[in-house]
Structures are given as structure tokens and as C-alpha cells.
Participant: 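Structure incoming, see below.
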There are 2 protein chains.
Amino acid sequence: MSTLSNSMQLILTLVKTQGQVLKPLESALSYHGLSFTEWLVLHRLSQTSDFTLKRASLASSIGLTASGVTRLLAPMEKVGLVEKATKARDARVSLVRLTKAGQQTYTDATKSIEFGAEKVTNMMNEQQAEQCLGLLSTLHLSAIDATQLD
Amino acid sequence: MSTLSNSMQLILTLVKTQGQVLKPLESALSYHGLSFTEWLVLHRLSQTSDFTLKRASLASSIGLTASGVTRLLAPMEKVGLVEKATKARDARVSLVRLTKAGQQTYTDATKSIEFGAEKVTNMMNEQQAEQCLGLLSTLHLSAIDATQLD
DNA sequence: GCATGATGCTTGATCACTCAAGCTTTTGTC
DNA sequence: GACAAAAGCTTGAGTGATCAAGCATCATGC
């Protein structure tokens, strides 16, 4: 019954925590008919100047494959949150644009998810939250670095 | 293009980081024919005094449903990492026990995953890792707390 | 001592994603 | 300016999980 290294314990806690944290947020979003990943799509699109992104860029920015994006976006197009557009000079690329309805849904859903986020971080003060964010960012960079040189 | 609350940014970073961190570990484990979740099963079992756990306890301890456990364990039994046992006084419960082979695989795989974990946390010093672990634990408790009162 | 309900697990259907293969369009080379 | 290679997306097959329903087994009240 040997014990794990500190690194491994950190990662175990990371995984456990994410699982616990995501549940309430998913349920907050379900009221708007969105999954967390779908909300992420709306979020990324709403951050751009023209509400438009290449499918490939969207994919990598939310940590999905191209095919994952295709399958995720299909129903979102069907309900009109998002629409297809084509790029002028390149008929290969397919752009995704947030519709007016999508912008509205994003605004509403974001209120819900942020409310959930507040509740979930309730036991942390502002300073702890900031510190945690900083450390996670470091860990993120470190993980990217480790992935590069394999 | 309004910006997100600190809580929400923390959670976004948490999710992004976990995704990045898990990739190298999964690939380290794949050498032993294990997924991260399967390694978790071996880990939980190896922590018990008699290498045995109720399926339901195992489920909740690794954050899966009962049916998830059934489906996860089936192939692991087939390759002999784990075996079924029955409880004396209660024919409903089905116990899972780590076999000798499973113990060996756990020992080997744990070396690999811990090596991966070291690499992934490479850019953090010991103090940062500990601090991060502490803050994540707080967040975890906070999230559990938030889930209770919904 | 027997119906009622609770507990523990499995099964069928479905979902969200991945990978590999394929199709179309563009780019670069000669 | 034709043709191989690359880029961008979609599709078919498979994986890992979920939920809801079902089947045993155990516990309780009368």
C-alpha cells in the first residue's frame, strides 16, 4: 500500500475536482438546452470581433477534433444558434457564425453558468481563487511543454 | 465582448488544464494496455487491505455510475486483472478483487504514470505543487458543498 | 410469513467523442 | 498549366460513458 508522489496526487485531485465542479454547471446550463461544450462554442464565438471562426480554429480552441466539431455543431445549426458561412478566397474552409439568437442564448446562459460558478467557488476567497488560477495556468503551460517533447 | 467572472475563469482554466495534463498520462498507460480510468480502478483496489471492494463503492470512488463500472470491469476480468467474488451474507452485492496479475500490472503502470506526472508538473516547484493541491482540495469541498444544497 | 419497498447489479438504447479513411479545394513545383 | 502534396471538412466505425428499465435479493411492517 505505497503512497503516490505529490505530482500524482495533484493530478488525482485535479480530476476529482473537475468532475465535481462541472456537474452543477452542466445542470445550470441544461435549463437553456446547452451542454458545457456547447456553451464553450458560444463563448469562443462571442469573443471574436465578428462572431465568426473557422471550424478548425474553434476545434482547437475548445480542445476537440475537427470531426467532434462537425458533430457538435450540426444540432446547434438546426436550432439556429449558429450558422455556416463560406470564406471568400478559400472554398475549403467553412466558417461558423453566432446568430442573433445565439448571442441572446449566450448572454442568458452565461448568467446561469456564472451564478453556478460563484456557488461552486463559494468556500474560496478572492485571493485563493486568483492564486489557484495562477497555479493552474502554470500547470497548463508545464503540461503543454511536456507534450511537445515526447 | 464582456469578460467572465474570476470564478468562471478559474473553472475554464481547470478544464483546459485537465485536458492537457491527462493526454501524456493516458499515453504513458497505453503501454500497459490501460486507460486512465482502468488505472484508477487498480489504484483504489490496491489501497484496500484485502484488494477487494463492492462494485458500488468502487463506482462512487472513481466517479462512475454502477453501470459504468459493470462495463469497465468486464474486459478487465477477461484479461485477469480483476476477479469477481460474492459477499457471504448478501447475494446482491458483487465484490471486485485485484488479482496477483492485477497487482503486478498496477505496480508497473504506476511507475509509468508517475513518471508522466513528474514530467507534466515539471515547471512547478514542490511548494507550488503543494499549494495547488491544497487550493484544489478546497475547491473540491466547495463544489461538493454547492451540490448538496441545490 | 408474506406483500412492499429498498438495494445492488446488469442490460438496451443513446450520446459525445475519437480515429482513420475519404472527398474537395488549394498550393507549390517543375 | 498539370499534378503531387497539403489543408479543411465530413463520414463510418468504434469507445466510454450515461440514463432508464429490469431482475434478483434482502429488509420491514403487519
Side-chain angles (χ1 to χ4, degrees), chain A residues 15-16 18-20 22-27 29-30 33-42 44 52-79 81-97 147, chain B residues 15-16 18-20 22-27 29-30 33-42 44 52-79 81-97 147:
Chain A
V15 171
K16 208 169 46 174
Q18 160 162 342
Q20 208 64 43
L22 241 38
K23 270 184 240 165
L25 302 199
E26 291 267 12
S27 98
L29 286 176
S30 73
L34 293 176
S35 70
F36 182 76
T37 313
E38 287 169 330
W39 177 83
L40 262 186
V41 168
L42 303 186
R44 291 301 174 219
T52 303
L53 230 38
K54 280 178 49 183
R55 285 168 109 82
S57 315
L58 182 59
S60 76
S61 92
I62 62 178
L64 245 50
T65 60
S67 95
V69 163
T70 297
R71 299 194 144 103
L72 178 62
L73 253 34
M76 296 180 75
E77 286 162 12
K78 203 162 290 175
V79 300
L81 292 172
V82 119
E83 62 192 4
K84 263 186 176 153
T86 53
K87 191 168 177 180
R89 293 233 153 283
D90 194 337
R92 287 172 306 182
V93 331
S94 164
L95 303 173
V96 205
R97 182 165 44 225
T147 309
Chain B
V15 171
K16 207 169 50 174
Q18 161 162 341
Q20 207 64 43
L22 241 37
K23 271 185 238 165
L25 301 198
E26 291 267 12
S27 99
L29 285 176
S30 74
L34 293 176
S35 70
F36 183 75
T37 313
E38 287 169 331
W39 178 83
L40 262 187
V41 168
L42 303 186
R44 290 300 174 220
T52 304
L53 230 38
K54 279 178 51 184
R55 285 167 110 82
S57 316
L58 182 59
S60 76
S61 92
I62 62 178
L64 242 52
T65 60
S67 94
V69 163
T70 296
R71 298 194 144 102
L72 178 62
L73 253 34
M76 297 180 73
E77 286 163 11
K78 203 163 289 177
V79 300
L81 291 172
V82 117
E83 62 192 6
K84 263 185 175 151
T86 53
K87 191 167 175 180
R89 293 235 155 283
D90 195 337
R92 287 173 303 180
V93 329
S94 164
L95 304 172
V96 206
R97 183 164 44 225
T147 309

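Side chains are part of it too, since the values below use all heavy atoms of this structure and drop only hydrogens, waters and symmetry mates. The sequence lines fix the lettering, A, B, ..., with proteins before strands; numbering per chain opens at 1.
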Participant: Restricting to side chain to side chain contact (heavy atoms under 4.5 Å, CB included), what partner residues turn up for A/S35, sequence neighbours left out?
Facilitator: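 So A/S35 forms a side chain to side chain contact (heavy atoms under 4.5 Å, CB included) with A/E26, A/T37, A/E38.
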
Participant: Which side-chain N or O atoms in residues 61-74 of chain A pair as donor and acceptor under 3.5 Å with protein atoms at least two apart or in another chain?
Facilitator:
from: A/S61; atom 1: OG; to: A/L58; atom 2: O; distance (Å): 3.2
from: A/T65; atom 1: OG1; to: A/G68; atom 2: N; distance (Å): 3.1
from: A/T70; atom 1: OG1; to: A/A66; atom 2: O; distance (Å): 3.3

Participant: When you list every nucleotide of DNA chain C with an atom under 4.0 Å from a heavy atom of chain A, which one comes first 5' to 3', and which comes last?
Facilitator: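 Nucleotide range in contact with chain A: C/dC17 to C/dT26.
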
Participant: So, using salt bridge (charged side-chain N to carboxylate O under 4.0 Å, His left out) as the criterion, who are the partners of A/E83 when residues are at least two apart?
Facilitator: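 So A/E83 forms a salt bridge (charged side-chain N to carboxylate O under 4.0 Å, His left out) with A/R97.
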
Participant: B/K84 near the nucleic acid: base, sugar-phosphate alone, or nothing, with a heavy-atom cut-off under 4.0 Å?
Facilitator: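 Result for B/K84 = sugar-phosphate.
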
Participant: Let me know the distance between CD of B/E38 and C1' of D/dT15, rounded to the nearest Å.
Facilitator: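 One finds 11 Å between C1' of D/dT15 and CD of B/E38, rounded.
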
Participant: Quick check for you: to the nearest 0.5 Å, what is the distance between B/L34 atom CG and B/L25 atom CG?
Facilitator: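 The distance works out to 12.5 Å.
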
Participant: If you measure from CG on A/L95 to NZ on A/K54, what distance do you get to the nearest 0.5 Å?
Facilitator: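 Interatomic distance, A/L95 CG to A/K54 NZ, rounded to 0.5 Å: 9.0 Å.
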
Participant: Nucleotides 24-27 of chain D: which of its N/O atoms have a protein N/O under 3.5 Å away?
Facilitator:
from: D/dC26; atom 1: OP1; to: B/A91; atom 2: N; distance (Å): 2.6

Participant: Dump the pairs, protein N or O against N or O of nucleotides 17-19 of chain D, anything under 3.5 Å, distances to one decimal.
Facilitator:
from: D/dA17; atom 1: OP1; to: B/T37; atom 2: OG1; distance (Å): 2.9
from: D/dT18; atom 1: OP1; to: B/T65; atom 2: N; distance (Å): 3.4
from: D/dT18; atom 1: OP2; to: B/T65; atom 2: N; distance (Å): 3.3
from: D/dT18; atom 1: OP2; to: B/T65; atom 2: OG1; distance (Å): 2.6
from: D/dT18; atom 1: O4; to: B/R71; atom 2: NH1; distance (Å): 2.9
from: D/dC19; atom 1: N4; to: B/S67; atom 2: OG; distance (Å): 3.0

Participant: Evaluate the side chain to side chain contact (heavy atoms under 4.5 Å, CB included) criterion for residues A/V41 and A/V96: first the C-alpha distance (whole Å), next the side-chain angles of each, then the deciding distance (0.1 Å), finally the verdict.
Facilitator: CA-CA 10 Å; A/V41 168; A/V96 205; 5.7 Å; no

Participant: Rounded to the nearest 0.5 Å, how far does CG of B/L53 lie from OG of B/S94?
Facilitator: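 One gets 11.5 Å once the value is rounded to the nearest 0.5 Å.
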
Participant: Base, sugar-phosphate or nothing for B/S94? Non-hydrogen atoms, less than 4.0 Å.
Facilitator: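 If one applies the 4.0 Å heavy-atom cut-off, B/S94 turns out to touch the sugar-phosphate alone, with no base involved.
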
Participant: Restricting to salt bridge (charged side-chain N to carboxylate O under 4.0 Å, His left out), what partner residues turn up for B/R44, sequence neighbours left out?
Facilitator: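 Counting only residues at least two positions away or on another chain, B/R44 forms no salt bridge (charged side-chain N to carboxylate O under 4.0 Å, His left out).
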
Participant: Distance check needed: D/dT15 C1' versus B/E26 CD, whole Å only.
Facilitator: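 It works out to 12 Å between those atoms.
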
Participant: Tell me every residue that passes salt bridge (charged side-chain N to carboxylate O under 4.0 Å, His left out) with A/E77, counting only those two or more places apart in sequence or in another chain.
Facilitator: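 Partners of A/E77 by the salt bridge (charged side-chain N to carboxylate O under 4.0 Å, His left out) criterion, ordered by chain and then number, come out as A/R55.
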
Participant: For side chain to side chain contact (heavy atoms under 4.5 Å, CB included), just list the numbers for A/V15 and B/F36, CA-CA rounded to whole Å, side-chain angles, deciding distance to a tenth of an Å, and then say yes or no.
Facilitator: CA-CA 11 Å; A/V15 171; B/F36 183 75; 4.2 Å; yes

